[in-house]
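What follows is a short report on a single structure.
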Amino acid sequence: MSLKLYNTLTRKVETFEPLGGNKVRIYVCGVTIYDRCHLGHARALVIFDLLYRFLKDKGYEVDFVRNFTDIDDKILSRAQEEKVSWKEVVQRNLHAFQEDFKDFGLLTPMVEPRATEHIADMIHLIELLMQKGVAYASDGEVFFSVKKFPAYGKLSGQTLEELRSGTRVEVNPKKKDPEDFVLWKASREGEPSWPSPWGPGRPGWHIECSAMSLKYLGSPFDIHGGGTDLIFPHHENEIAQSEGATGKLFSQFWIHNGMVTLQSEKMSKSTGNLTRVQEILKKYPAEVARFFLLTAHYRSPLEFSWELLEQAEKAVSRGYTALKSLREGLEEDQLPDKIQDLLPLQNIWQRFEGALDNDLNTPVAIAVFFEAVKAIHQAFANSKRISHSSHQPIFEEAQKGFRKIASILGAFEKDPNDYFQKSRLTQTSLTDSEIHAQIRLREEARSRKDWKQADIIRQKLYDEGIVLEDTPKGTIWKINF
RNA sequence: GGCGGCGUACCCAAGUGGCUAAGGGAGCGGUCUGCAAAACCGCGAUUCACCGGUUCGAAUCCGGUCGCCGCCUCCA
């Protein structure tokens, strides 16, 4: 099975083959830490995390780099607004990032470089660009000369003229051509600055990603990722800088994820049209958010609403319910003696992998998972459970497949009981033992057929966010999301 | 204006030339249950924005129309 990915550079789905044998090198643009992250950031993080997991599973040795932009105009203006130091803004939002994403199942990248820790690398790169004659200094600033790089526009599919016609920003008079972009900025009074051959200043936005990716991955490397909104100008400029400096191809694949929308409009920090990760985690486990982000293909826009998140939660619960039956059936050696339809349970991993091989088609991959979930439910609902079921090998195989799938999705990895009972803090103030005490009281009421009292207890728990289910094995409880 | 993409059931979402148009959620009827919940069974798009065309055959290819979105400015 070979992985096919849509390459923005060629605008085609292409078979992915690493440049360096078994080694895959990926660079993904991370976030600028001037504010709390919203769901759009989460989507990019989750999608590239899935790709990372999938490549590792295929046996590749993956060098995965994801940066933090910790110096730029927004950070400075935020610091000014709040009358705190820019370092404080950075530190606070870095903590917030870690807090927001700690339960998202994001694998730790090989390196998470920060721009401010690579100033020297950027200066070197700029010097190299100056030597090559594609960059020029002007009054303490350094610009990249776009017309010296003939391939400019190859990623965004636009010619220089086309890009020019759309120019809406006022032109910095220090530039020779309006499309030139800044590599190094002169610092103003009170702004952070680093010494450089062109005077004290700070790096432009694009140069950090070139410097850090080239440093940790070399070039060419395999995959460069980020949101579609980064294609122009950020990634276009990265290509210009990196290829201009090295004379070599920068990245062979460019993968871009679609935007998360809110009321059909792109989520964006600058417009305030957003839902923060933090808000979502108050109502749902991170796992539900992660699952939700994978329900659409990564290149499509994904509309967020609380109703859609609720739908995702229902789906996750359904999955866990099946995993719970399967797990307990195997543990207790009480498995169905009949299975109506074996197909959905066979080769689930292969079919799941096949879906992801097709340009990371997570909706199909998830559908494969749910076909198997349904088959488990059917078997357990429509057949007697016996010990030493002749179907045990099939169920064991299915469980292995589920585990493998879960390890790629980064969801359904928990003990189902933990998912149902511990996956978030509810509004409930009740402790485990208090809930069990209530359940025991209700059991007593039920045993004397005092249905009224039993229902009062159940309703009381329901009001506390706890749902009871009476099963043949006794009453169990779940958090009601 | 340029570039890219989308429009599939009540909602979300796959399918990119040919088995009965996946999967999830909601709804309705039924089974189970003291009642619920969960789960199961059944129902639900003769149809894929619209109009033409190509083809033995199209949601899938081509042309046009309408509507929506992203980028062209900081942005995942």
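Here is the naming used below: chain letters follow the sequence lines, and residue numbers restart at 1 for every chain.
- For A:M267, taking side-chain heavy atoms from C-beta onward, the closest of the listed nucleotides B:C40, B:G70, B:A76 is B:A76.
- Not counting sequence neighbours, the partners of A:D100 by the salt bridge (charged side-chain N to carboxylate O under 4.0 Å, His left out) test are A:R36.
- Candidate nucleotides B:U73, B:A76, B:G70 were compared by shortest atom distance to the side chain of A:P233, and B:U73 ranks first.
- A:H235 is linked by a ring pair (Phe, Tyr, Trp, His ring centres under 6.0 Å) to A:H224, A:W254, A:H256, counting only residues two or more places apart in sequence or in another chain.
- Backbone-only contact: A:S156 has heavy atoms under 4.0 Å from sugar-phosphate atoms and none from a base.
- For A:Q158, counting side-chain heavy atoms from C-beta on, the closest listed nucleotide (B:A39, B:C3, B:C69) is B:C3.
- For A:Y6, there are no ring pair (Phe, Tyr, Trp, His ring centres under 6.0 Å) partners, not counting sequence neighbours.
- Closest of all the heavy-atom pairs between A:K154 and A:I239 is CE-CG2, 3.6 Å.
- When heavy atoms are screened at a 4.0 angstrom cut-off, A:G30 is found touching the sugar-phosphate backbone but no base atom.
- Using a 4.0 Å heavy-atom cutoff across all strands shown, A:A367 reaches at least one base atom of the nucleic acid.
- With a 3.5 Å limit on both pairing distances and Watson-Crick or G-U wobble geometry required, the stems of 3 or more pairs in RNA chain B span B:1-7 with B:66-72, B:10-12 with B:23-25, B:27-31 with B:39-43, B:49-53 with B:61-65.
- The interatomic distance linking A:F369 (CZ) with B:G24 (P) rounds to 11 Å, in whole Å.
- Annotation: side chain to side chain contact (heavy atoms under 4.5 Å, CB included) contacts of A:K338 (sequence neighbours excluded): A:S383.
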Strictly under 3.5 Å: I want the nitrogen or oxygen pairs between protein and nucleotides 33-36 of chain B, one per line.
unit_1 : atom_1 : unit_2 : atom_2 : d
B:G34  : O6     : A:R442 : NH2    : 3.2
B:G34  : O6     : A:R446 : NE     : 3.3
B:G34  : N1     : A:D455 : OD1    : 3.0
B:G34  : N2     : A:D455 : OD1    : 3.3
B:G34  : N2     : A:D455 : OD2    : 2.7
B:C35  : O2     : A:R458 : NH2    : 2.3
B:C35  : N3     : A:R458 : NH1    : 2.9
B:C35  : N3     : A:R458 : NH2    : 3.4
B:C35  : N4     : A:D470 : OD2    : 2.9
B:A36  : N6     : A:D470 : O      : 3.0
B:A36  : N1     : A:D470 : N      : 2.8
B:A36  : N3     : A:R458 : NH1    : 3.1

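- For A:L274, the side chain to side chain contact (heavy atoms under 4.5 Å, CB included) partners two or more places apart in sequence, or in a different chain, are A:H38, A:M267, A:K269, A:R276.
- Here B:A26 is the nucleotide among B:A26, B:C40, B:C3 with the atom lying nearest to any side-chain atom of A:K314.
- A:S270 comes within contact range of at least one nucleobase, with a heavy-atom separation under 4.0 Å.
- Listed by chain and number, the residues in a ring pair (Phe, Tyr, Trp, His ring centres under 6.0 Å) with A:W349 are A:F352 (sequence neighbours excluded).
- In this structure, the ring of A:F369 has its center less than 6.0 angstrom from the ring center of A:F402.
- Looking at residues two or more places apart in sequence or on another chain, you find a ring pair (Phe, Tyr, Trp, His ring centres under 6.0 Å) between A:Y320 and A:F412, A:Y419.
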Every protein N/O within reach of nucleotides 8-14 of chain B N/O, cut-off under 3.5 Å:
unit_1 : atom_1 : unit_2 : atom_2 : d
B:C11  : O2     : A:Q311 : NE2    : 3.4
B:A14  : OP1    : A:H297 : N      : 2.9
B:A14  : O3'    : A:N361 : ND2    : 3.1

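- Without hydrogens or angle criteria, A:R290 side chain to A:L409 main chain gives a donor-acceptor distance under 3.5 Å.
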Listing time: all N or O pairs from protein to nucleotides 41-43 of chain B that are below 3.5 Å?
unit_1 : atom_1 : unit_2 : atom_2 : d
B:C41  : OP1    : A:Q378 : NE2    : 2.4

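- The salt bridge (Lys or Arg N to Asp or Glu O under 4.0 Å) analysis of residues 471-481 of chain A, with sequence neighbours excluded, yields the pairs A:E328-A:K473, A:E332-A:K473, A:E469-A:K478.
- Remark: A:R318 is in phosphate contact with B:A39, judged by side-chain N or O atoms under 4.0 Å from OP1 or OP2.
- Tested against A:R202 for a salt bridge (Lys or Arg N to Asp or Glu O under 4.0 Å), the candidates A:D72, A:D73, A:D70 yield a single pass: A:D73.
- Considering only the side chain of A:V31, B:A76 comes nearest among B:C74, B:A22, B:A76.
- Here A:E265 lies in heavy-atom contact (under 4.0 Å) with sugar-phosphate atoms only.
- At a threshold of 4.0 angstrom between heavy atoms, the contacts of A:V260 include nucleobase atoms, whether or not backbone atoms are also involved.
- Residue A:G40 is classed as a base contact, given a heavy-atom separation below 4.0 Å to a base.
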